[in-house]
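Below is one structure, written out as structure tokens, with a few remarks after it.
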Amino acid sequence: MVFPANPFKPTAGVMPPVLIGRESISADFSEGLDDGPGAPDRLMLITGPRGSGNTVMLTELGLIAKKRHWIVIDETASAGLCDRLIARIAPQAGRVADATLKPAFMGLSLGELTFTPAMRPSTLRDAIAARLNSLGKGKGLLVTIDETQDASLEDMTAIATAAQHMLRENAEVAFVFAGLPSLTSDLLNAKVLTFLRRASIKELGDVSLVDVRLALARTIRHAGVSIDDPALDAATKATGGYPYMIQLAGYHMWRQARRRTEGPADTITIDDVRSGVEQARARLGEGVCAPVVKRLSDRSVDYLRAMAQDDGPSVTSEVAKRMHESMDYANIYRQRLLDEHIIAAVSRGKVDFAIPFLREYLRSMGE
Ligand SMILES: Nc1ncnc2c1ncn2[C@@H]1O[C@H](COP(=O)(O)OP(=O)(O)OP(=O)(O)O)[C@@H](O)[C@H]1O
Ligand SMILES: [Mg+2]
């Protein structure tokens, strides 16, 4: 038999073979659409650290909406977000001249479609209204925004204002925002924050190892490859329930088994798991941890490396000692790292890593 194609998808934004542990979010969203305007889950905020599945969750919710014949507009926050949304939501240039849109578009050349900040909320509203008008009964419009933490205050204010109006008018709309956990504590403008706080907030944490094990077993065995229980247990444990690591570990152990020329064929052995996990960890370091560490100042990295000497939460006074600095000095870096959600205060005087596998990465840097 030819070893089957690798089912694991260790690529940002790519749907995994099994979307593990997110059933309740999908169910809440489905209900929100079915319950009609006013349902709380039509305004959702998804937060999770990198690699926890923010983007694929948006894709999944988009699929749910499409099944109900809704229009789905996916955008990623970056400069020009609101203008892009308007351009994509408003029907094509020909229909842009629609009566509802005219006032907002006056004095603009249609080619460039940029709006003064003051005009954006009403222009976005008009665009959504026009699009909804063109849809059949029962159909609606879902807008998803990824990487919301990167949105400018101006764009977020415009989108929040428009969304609030459409929701209040009982329009067939839904908005889902996804971003890093820092989003909810960021010093965004109070108005925007109030709007997002009122959303149904879903935090994407690690998924349960019981679910990971079931999904791994299903994915592997359904493809016609065997794996025994000890190998499955080892693979499950190595993922730590972190979604990106699940795909990475799955992918590399599969590849290891496929390339191996000796030993049992069509089987992922415990040795395949071990070397697959090792390769997965290396990839995780390059892909997730390295970009985080690269942005930090040398002293911030020193703080993290002092923490990495511990196997669990670190005592802050001990970290300062290891840095050969005063508590006051070390606290500056502790605060910066807390603000960036790289570490978290777990109890009085103790901090721990907030990014999966960062500890292991920092340790390997020193080798
Ligand atoms: N619930 C899940 N079960 C299994 N695998 C998942 C799950 N969610 C995401 N993944 C996998 O994890 C990886 C990361 O997913 P995704 O790109 O959606 O994360 P993200 O939070 O958007 O990360 P980033 O911040 O890098 O954009 C992908 O390989 C994806 O297939
Ligand atoms: Mg993403």
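Remember, predicted model here, so these are calculated numbers, not experimental data. Just so you know, ligand 1 is whichever comes first in the structure, and atom 1 is the first atom listed for that ligand.
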Check [Y] with [X], please: is the shortest side-chain N to carboxylate O separation under 4.0 Å?
{"X": "R255", "Y": "D272", "answer": "no"}
{"X": "R299", "Y": "D302", "answer": "yes"}
{"X": "D271", "Y": "R260", "answer": "no"}
{"X": "E286", "Y": "R281", "answer": "no"}
{"X": "R42", "Y": "E172", "answer": "yes"}

Quick one: nearest non-hydrogen protein atom to [atom], plus distance?
{"atom": "atom 19 (O) of ligand 1", "result": "G53 N, 3.1 Å"}
{"atom": "atom 24 (P) of ligand 1", "result": "R50 NH1, 3.5 Å"}
{"atom": "atom 7 (C) of ligand 1", "result": "P243 CB, 3.6 Å"}
{"atom": "atom 11 (C) of ligand 1", "result": "Q247 CG, 3.5 Å"}
{"atom": "atom 3 (N) of ligand 1", "result": "I20 N, 2.9 Å"}
{"atom": "atom 22 (O) of ligand 1", "result": "T55 OG1, 2.7 Å"}

Numbering as shown, the atoms of ligand 1 that approach [X] to under 4.0 Å (heavy-atom distance):
{"X": "P10", "answer": "29 (O)"}
{"X": "K9", "answer": "28 (C), 29 (O), 31 (O)"}
{"X": "G13", "answer": "16 (P), 17 (O)"}
{"X": "V18", "answer": "3 (N), 4 (C)"}
{"X": "V14", "answer": "28 (C), 30 (C), 31 (O)"}
{"X": "R22", "answer": "1 (N)"}
{"X": "N54", "answer": "18 (O), 19 (O), 20 (P), 21 (O), 22 (O)"}
{"X": "V56", "answer": "8 (N), 9 (C), 18 (O)"}

(Q) At under 4.0 Å between heavy atoms, is it the side chain or the backbone of T11 that contacts ligand 1, or both, or neither? (A)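 It is the backbone that touches ligand 1; the side chain stays farther off.
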
Q) Which bit of D146 is near ligand 1, meaning a heavy atom under 4.0 Å away: side chain, backbone, both or neither? A)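 Neither part.
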
Within less than 4.0 angstrom of ligand 1, does [X] place any heavy atom?
{"X": "A215", "value": "no"}
{"X": "G51", "value": "yes"}
{"X": "S52", "value": "yes"}
{"X": "V288", "value": "no"}
{"X": "E147", "value": "yes"}

Q) Ring centres of Y333 and Y329 under 6.0 Å apart? A)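 Yes, the ring centres sit under 6.0 Å apart.
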
With distance as the sole criterion, is a donor-acceptor pair present between the side chains of [X] and [Y] under 3.5 Å?
{"X": "K237", "Y": "T239", "answer": "no"}
{"X": "Q309", "Y": "E318", "answer": "no"}
{"X": "Q335", "Y": "N331", "answer": "no"}

Q) Please walk me through it: do T236 and D233 pass side-chain hydrogen bond (donor to acceptor under 3.5 Å, both in side chains)? A) CA-CA 5 Å; T236 302; D233 288 336; 5.3 Å; no

Q) By side-chain hydrogen bond (donor to acceptor under 3.5 Å, both in side chains), which residues pair with D150, not counting sequence neighbours? A)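 In terms of side-chain hydrogen bond (donor to acceptor under 3.5 Å, both in side chains), with neighbours along the sequence ignored, D150 is linked to no residue.
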
**Q.** Check: A178 main-chain N/O paired with T148 side-chain donor or acceptor under 3.5 Å
**A.**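 At least one qualifying donor-acceptor pair exists.
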
Q: For P40, check side chain to side chain contact (heavy atoms under 4.5 Å, CB included) against everything at least two apart and list the hits.
A: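 Partners of P40 under the side chain to side chain contact (heavy atoms under 4.5 Å, CB included) test: none.
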
Q: Could you list the residues that satisfy side chain to side chain contact (heavy atoms under 4.5 Å, CB included) with A330, not counting sequence neighbours?
A: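 Checked A330 against side chain to side chain contact (heavy atoms under 4.5 Å, CB included); matches are Y303, A320, M323.
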
Q) Below 4.5 Å, heavy atoms only, C-beta onward: do R84 and S78 meet side chain to side chain? A) yes

Q: Just the protein N/O/S atoms under 2.8 Å from the Mg ion (ligand 2), please, no waters.
A: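 Counting only protein N, O or S atoms under 2.8 Å from the Mg ion (ligand 2), the list reads T55 OG1.
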
Q: Quick one: do R295 and E340 satisfy side-chain contact (heavy atoms from CB on, under 4.5 Å)? Show the steps, please.
A: CA-CA 11 Å; R295 280 191 300 110; E340 298 207 36; 3.3 Å; yes

